[in-house]
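One structure below.
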Amino acid sequence: MLSIPHKNKIFGLVDANNFYASCEIAFNPKLKSSPVVVLSNNDGCVISRSPEAKQLGIKMGQPLFEIQDLVKKYNVKVFSSNFPLYADMSYRFHETLNLFFPKIEVYSVDESFIDLTDLKKFDLTLYCTYVRNTILQWLKIPSCIGIGKTKTLAKLANKYAKLHPELGGVYNSLGKEEELLKNMPIEEVWGIGNKISAFLKEKNIFTPYDLIQQNDYWIRKHLKITGLRMVHELRGIPCHELESYNPQKKNTVVSRSFGIAITSIEDLEKILMTFIEKLSEKLTKQKQYATYIGVFIKSNPFNKKEPYYSNYQIKKLSTPSNSIRILYHNANIILKNIYKQNIKYKKMGVMALDLISQSSLQRDLFDINNYEKEEQRNETILKLMDYYNQSGKSKIQFAKNIQLPQNTWYPKQYHLSKRYTTDINEIPIAYV
DNA sequence: TCTGGGGTCCTAGGACCC
DNA sequence: TCTGGGGTCCTAGGACCC
């Protein structure tokens, strides 16, 4: 079905500006108005930039080594990613929105869609400006809010607000759709990436307004069903509802680039155990079992001197599971299959695929006893690990003797800030 | 020297069946 | 000599998102 029945709904999108960089600045007010960047894992690429860093021409996804000169010359403040801090700030951000809006859909770490339909008796621009300023005051995180007839228009309005700071962070596109569509570049539309925008420009389609003039047949043919839905949304016909419920994950992945290259299978097996622990922990938290387990390994794709090798395989588990023991056993078989000697591996990952919820599992009657035993066993192990690890004194791990010490392979984090909000030893201190 | 991690949805095309 | 056709299911890979 292409569109859903609707009665003039109003959607909003709240999106924090440069979220990770803003989090760092929030706890370090001295950084305000300096260029700030946050790096990906392994201190690899830039994944968040303050406005000042953007002005220096630092690109999203740019590797750190390419901007070293700029960093020195302009004293750019560089941070490794501090995900515990960002996750906690994200929680506060969405909780704040919950106070002001009847229905929100948490779309990502720094974005929520909001349902404004029942608030239309208010001046929406005024109301949203008030919310935006409250977030700024409470969290020290700047954000923008876009308002529109559909999610796609709300998204676009949000970008418009970001591009026009003089609007004060809020743009209401209701009744001004044509103006919005004519004044945004095509690549800013939600659902149009590199490939499609290049294709459209070749066809002389430069703005969303140009795009909605095309006929449905042409759009369906070239942009497929997803593209047609997107165009309908741009025309003001909603195809996507606000989804407030917590959707079940279908897959879950744990993967890391290594700080140094790893060659021996013994070392990879040890790291694999660390990954499987994390994976089992995630599945347990999500109350899900994996139907398939997959493993991939790859060498450094940027190293032109060494041959690039990448391989992956998946394997069906005899019965869906979240158990470290079972996941590891199967993942290890795969690893042995795809491992090739004399390769300098730079990244590995494990994937749990086709997840099913624990409650919906149709259990084999004859297997049920074993099942519950395995599950209890795994839960006990995880709880014990958690207990000891939380205590902070020593770190215990599953089958410690077979794990590789973290300092030998762990991703680099040379520029880490403190866990200001989630670790009692690292909370900020106010001097009065 | 140094290049992230975690997701979703869709489709083309192969395998297989009758 | 003529060499079907339609359906389903599965999977790899592409494109997108943050």
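Below, chains carry the letters A, B, ... as their sequence lines are ordered, and counting in each starts from 1. Any value given below was found using the heavy atoms of this structure, including those in side chains, with hydrogens, waters and symmetry copies removed.
Ring pair A:Y309/A:Y345 is perpendicular by interplanar angle, where above 60° counts as perpendicular and below 30° as parallel. Using cut-offs of 30° and 60° for the angle between ring planes, the A:F83 and A:Y86 rings count as perpendicular.
Residue A:Y312 places at least one side-chain N or O under 4.0 Å from the OP1 or OP2 atom of C:dA12. Between A:R220 and B:dC10, a side-chain N or O to OP1/OP2 separation shorter than 4.0 Å is absent. The side chain of A:K412 contributes no N or O atom lying less than 4.0 Å from OP1 or OP2 of B:dG4. Under 4.0 angstrom from either OP1 or OP2 of B:dT3 there lies at least one side-chain N or O belonging to A:K346. At least one side-chain nitrogen or oxygen of A:S257 sits closer than 4.0 Å to the OP1 or OP2 atom of B:dG5. A close approach under 4.0 Å does not occur between any side-chain nitrogen or oxygen of A:K224 and OP1 or OP2 of C:dG14. At least one side-chain nitrogen or oxygen of A:N251 sits closer than 4.0 Å to the OP1 or OP2 atom of B:dT8. A sub-4.0 Å separation between OP1 or OP2 of B:dG6 and a side-chain N or O of A:T252 is absent. For A:K347, no side-chain nitrogen or oxygen approaches OP1 or OP2 of B:dT3 to under 4.0 Å. Contact annotation: A:R229 side-chain N/O to B:dC9 OP1/OP2 distance is not under 4.0 Å.
If you take atom C1' in B:dC16 and the same atom in C:dG4, they sit 16 Å apart, rounded to whole Å.
Residues meeting the ring-ring contact (aromatic ring centres under 6.0 Å, His included) test with A:F258, sequence neighbours left out: A:W409.
Panel note: side chain A:N28, backbone A:L31; no donor-acceptor pair is recorded below 3.5 Å.
As judged by a 4.0 angstrom heavy-atom cut-off over every strand, A:V38 is placed among residues making no nucleic acid contact.
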